[in-house]
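Data first, discussion second: the structure below is written as structure tokens.
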Amino acid sequence: MKIKEWLQSLSFRTGVIVLLSCIPFYILSFAQMLLPVSTAAKGVLWAVLFGLAKTCQYGGLTILGVEGYKRLRNKFRKQ
């Protein structure tokens, strides 16, 4: 539980940055399929990049918390 408490103590801006950093990892996890490497290497790359994307996603949501998520959602709805 110490990690969760530490993540929740970080700022809203940090949470947004971490949450947005998952987008490039998602893109890279699928774009690497176009590389001319072996199937095993593609599988390993996909697992690593997809895992990083999920880690950034859940880490960002933990940092934001419920109130930060609502604040971010309202900001996008107003635009």
Side-chain angles (χ1 to χ4, degrees):
M1 291 306 271
K2 297 236 184 233
I3 294 174
K4 183 179 177 184
E5 292 170 3
W6 174 72
L7 286 174
Q8 289 175 337
S9 71
L10 296 173
S11 71
F12 176 79
R13 184 176 180 181
T14 304
V16 171
I17 291 169
V18 171
L19 193 58
L20 290 176
S21 68
C22 75
I23 295 170
F25 286 122
Y26 277 123
I27 292 169
L28 287 173
S29 70
F30 291 103
Q32 58 82 26
M33 294 295 178
L34 301 174
L35 294 174
V37 294
S38 69
T39 306
K42 287 180 182 182
V44 170
L45 279 172
W46 183 83
V48 169
L49 292 169
F50 195 77
L52 284 170
K54 282 297 185 184
T55 302
C56 288
Q57 180 183 354
Y58 293 133
L61 289 174
T62 303
I63 293 169
L64 288 177
V66 174
E67 293 303 316
Y69 175 73
K70 288 179 183 176
R71 181 175 159 189
L72 190 63
R73 186 179 63 188
N74 288 337
K75 190 169 216 156
F76 281 117
R77 284 190 179 172
K78 288 180 183 177
Q79 293 178 353

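Leu35 shares a hydrophobic cluster with Val37, Leu45; the chain of contacts runs through ILVMFWY side chains whose heavy atoms sit under 4.5 Å apart.
Hydrophobic clustering (side-chain heavy atoms under 4.5 Å, transitive across Ile, Leu, Val, Met, Phe, Trp, Tyr) keeps Leu52 apart from Leu20. With hydrophobic clusters built from ILVMFWY side chains whose heavy atoms lie under 4.5 angstrom apart, Leu34 does not share a cluster with Leu49.
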Contacts under 3.5 angstrom, residues 61-68 side chains, donor-acceptor by atom type, not counting sequence neighbours:
| from | atom 1 | to | atom 2 | distance (Å) |
| --- | --- | --- | --- | --- |
| Thr62 | OG1 | Tyr58 | O | 2.7 |

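Across every non-hydrogen atom of Lys42 and Met33, the tightest pair is NZ-O, 3.0 Å. The minimum heavy-atom distance linking Cys56 with Ser21 is given by the pair SG-OG, 3.4 Å.
Partners of Phe50 under the ring pair (Phe, Tyr, Trp, His ring centres under 6.0 Å) rule, at least two apart in sequence or in another chain, are Tyr26, Trp46.
Remark: Lys70 NZ is loosely packed, at most 12 non-hydrogen atoms of other residues, nucleotides or ligands lying under 6.0 Å away. Heavy-atom neighbours of Arg13 CZ from other residues, nucleotides or ligands within 6.0 Å: at or below the threshold of 12.
Taking CG of Leu72 as the start and CZ of Phe12 as the end, the distance is 5.0 Å to the nearest 0.5 Å.
Gln32 places a side-chain N or O within 3.5 Å of a backbone atom of Ser29 that can act as its donor or acceptor partner.
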